[in-house]
**Student:** 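Submitted below is the structure of interest, expressed as C-alpha cells.
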Amino acid sequence: MRIGFGFDVHRFASGDHLMLGGVRVPAPFGACAHSDGDVVLHALCDALLGAAALGDIGEHFPDTDSQWKNAPSEKFVEHVCRMVHERSLGIVNVDVTVLLESPKIAPYKVAMREKIAHLCRVPIEAVSVKATTSEGVGFVGRGEGVAAYCVCLLEELR
Ligand code: MG
C-alpha cells in the first residue's frame with residue numbers, strides 16, 4: 001500500500017463559474033489559472049503522483065507548455081491515472097476536502113464524486129468529497145481563492 005497527499009490553491013479572477021472536481025459550479029467569479037483552475041483535480045493529481053513517487057503536476061503539465069493552456073483538468077487526471085496504472089498500481093480510494101467560503105458546494109458533491117470515480121475508473125464508494133469554509137479566516141475566508149486537499153491510497157498490483 002502507498003499513500004499520497006496533494007494540495008492546490010487558485011486565486012479568484014473575473015468569471016462566472018469555478019470548475020471543481022470536473023463539475024461546473026456557478027459563482028460570481030472564476031479561477032485565475034493557466035488551465036481551468038480545478039483545485040480538486042489538481043490536488044487529486046498530486047496525491048496520485050505522490051503515492052506513486054512520480055513527481056508533481058507542475059513537472060508533467062508545465063504552465064509554459066502551450067498544449068495545456070486552458071486544458072480541462074480531466075486531461076491531467078486521465079494522464080496521471082495512465083502513469084499510475086503503467087506503474088502497476090491500483091487506486092484503492094481518494095478523499096478530498098475543498099476549502100471555499102462561497103458558494104456552497106454541497107449540491108455538487110455527488111456529481112464531483114461521480115466524475116472523479118469515472119476518471120479514476122473506481123466505484124463511487126471509493127471517492128469522498130468533503131467541503132468546509134475557512135470561518136472567515138485567511139485567504140479562503142476573505143474570499144480571495146479556493147483550496148483543496150486530497151489523500152489517496154494505492155495498492156501494488158503485482
Ligand atoms: Mg492548480
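In this text the structure is predicted, and so the values were computed from the model without any measurement. Computed from heavy atoms alone, side chains included, the values below leave out hydrogens, waters and symmetry copies.
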**Student:** Could I get the full list of side chain to side chain contact (heavy atoms under 4.5 Å, CB included) partners for Ala71, not counting sequence neighbours?
**Tutor:** Trp68, Phe76
**Student:** Among all residues two or more places apart in sequence or in another chain, which pass the side chain to side chain contact (heavy atoms under 4.5 Å, CB included) test with Pro123?
**Tutor:**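 So Pro123 forms a side chain to side chain contact (heavy atoms under 4.5 Å, CB included) with Glu125, Ala126.
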**Student:** Is a side-chain donor or acceptor of Asp38 paired with a backbone partner of Ser73 at a separation under 3.5 angstrom?
**Tutor:**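 It does not hold such a pair.
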**Student:** Hey, does His79 have a side-chain heavy atom less than 4.5 Å from the side chain of Glu74?
**Tutor:** no
**Student:** Same hydrophobic cluster for Phe29 and Val39, using side-chain heavy-atom links shorter than 4.5 Å among ILVMFWY?
**Tutor:**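 Yes, Phe29 connects to Val39 through the hydrophobic network.
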**Student:** Where is the tightest heavy-atom contact between Cys152 and Val94, given as atom of each residue plus distance?
**Tutor:**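 Looks like CB-CG1, 3.7 Å.
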**Student:** Once side chain to side chain donor-acceptor pair (under 3.5 Å) is applied, what residue pairs with a partner in residues 88-100 remain, sequence neighbours excluded?
**Tutor:**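 Side chain to side chain donor-acceptor pair (under 3.5 Å) check on residues 88-100 returns Ser88-Arg158, Asp95-Ser128, Asp95-Lys130, Thr97-Lys130.
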**Student:** Between the main-chain N or O of Glu144 and the side-chain N or O of Arg11, is there a donor-acceptor pair closer than 3.5 Å?
**Tutor:** no
**Student:** Can you tell me how far the NZ atom of Lys109 sits from the CG atom of Leu20, to the nearest 0.5 Å?
**Tutor:**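 Going from NZ on Lys109 over to CG on Leu20, the span is 12.5 Å.
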**Student:** So if you build clusters from Ile, Leu, Val, Met, Phe, Trp, Tyr with side-chain heavy-atom gaps below 4.5 Å, do Phe7 and Leu44 land together?
**Tutor:**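 No; tracing contacts between hydrophobic side chains, which count when under 4.5 Å, never links both residues.
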**Student:** Hey, does Phe12 have a side-chain heavy atom less than 4.5 Å from the side chain of Val146?
**Tutor:** yes
**Student:** Can you give me the closest heavy-atom contact between Leu18 and Gly30, atom names plus distance?
**Tutor:**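 Here Leu18 and Gly30 meet closest at CD2-C, 3.7 Å.
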**Student:** In the structure I gave you, are the side-chain heavy atoms of Leu89 and Glu155 within less than 4.5 Å of one another anywhere?
**Tutor:** no
**Student:** Output, in order, the C-alpha distance, side-chain angles, deciding distance and verdict of side-chain contact (heavy atoms from CB on, under 4.5 Å) for Met19 and His17.
**Tutor:** CA-CA 7 Å; Met19 290 304 294; His17 72 281; 3.9 Å; yes
**Student:** For Ser134 and Gly136, indicate whether the former's side chain and the latter's backbone hold a donor-acceptor pair under 3.5 Å.
**Tutor:** no
**Student:** If every non-hydrogen atom of Leu154 is compared with every non-hydrogen atom of Val84, which pair is closest and at what distance?
**Tutor:** CD1-CG1, 4.1 Å
**Student:** Would you say Val140 ends up clustered with Val129 if hydrophobic residues are merged whenever their side chains have heavy atoms under 4.5 Å apart, either directly or through other cluster members?
**Tutor:** no
**Student:** Hey, is the main chain of Gly37 close enough, under 3.5 Å, to the side chain of Ser35 for a donor-acceptor pair?
**Tutor:** yes
**Student:** I need the minimum non-hydrogen distance between Cys120 and Ile91, along with the two atoms involved.
**Tutor:** CB-CD1, 3.8 Å
**Student:** Does Ile105 form a side-chain contact (heavy atoms from CB on, under 4.5 Å) with Leu100? I'd like the steps, not just the answer.
**Tutor:** CA-CA 8 Å; Ile105 59 166; Leu100 180 63; 3.6 Å; yes
**Student:** Spell out, as yes or no, whether a donor-acceptor pair under 3.5 Å connects the side chain of His60 to the backbone of Leu54.
**Tutor:** yes
**Student:** Determine whether a donor-acceptor pair (N or O, by modelled atom type, separation under 3.5 Å) exists between the side chain of His10 and the backbone of Ala33.
**Tutor:** no
**Student:** What I'd like to find out is whether the side chain of Arg87 reaches to under 4.5 Å of the side chain of Arg2, using heavy atoms alone.
**Tutor:** yes
**Student:** So which heavy atom on Ala43 is nearest to which on Ala148, and how close?
**Tutor:**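 Of all heavy-atom pairs spanning Ala43 and Ala148, the closest is CB-O, 3.7 Å.
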**Student:** Evaluate the criterion side-chain contact (heavy atoms from CB on, under 4.5 Å) for residue pair Val98 and Thr132; output intermediate values, then yes/no.
**Tutor:** CA-CA 6 Å; Val98 184; Thr132 182; over 6 Å; no
**Student:** Look at atom CD of Glu156 and say whether more than 12 heavy atoms of other residues, nucleotides or ligands are closer to it than 6.0 Å.
**Tutor:** yes
**Student:** A side-chain contact here means heavy atoms from C-beta on lying under 4.5 Å apart; do Arg24 and Asp16 qualify?
**Tutor:** yes
**Student:** Assess whether side-chain contact (heavy atoms from CB on, under 4.5 Å) is satisfied between Ile116 and Val40, documenting all intermediate values.
**Tutor:** CA-CA 9 Å; Ile116 292 167; Val40 171; 4.0 Å; yes
**Student:** Can you hop from Ile57 to Val151 via hydrophobic side chains spaced under 4.5 Å?
**Tutor:** no
**Student:** To check you understand the geometry: which heavy-atom pair defines the closest contact between Phe61 and Val80, and what is its length?
**Tutor:** CE1-CG2, 3.9 Å
**Student:** Do we see a donor-acceptor contact under 3.5 Å between the side chains of His42 and Asp8?
**Tutor:** yes
**Student:** For residues Phe5 and Leu99: do they belong to one hydrophobic cluster (side chain heavy atoms under 4.5 Å, members Ile, Leu, Val, Met, Phe, Trp, Tyr)?
**Tutor:**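 In one cluster: yes.
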**Student:** More than 12 foreign heavy atoms under 6.0 Å from CD1 of Ile124: is that the case here?
**Tutor:**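 Yes.
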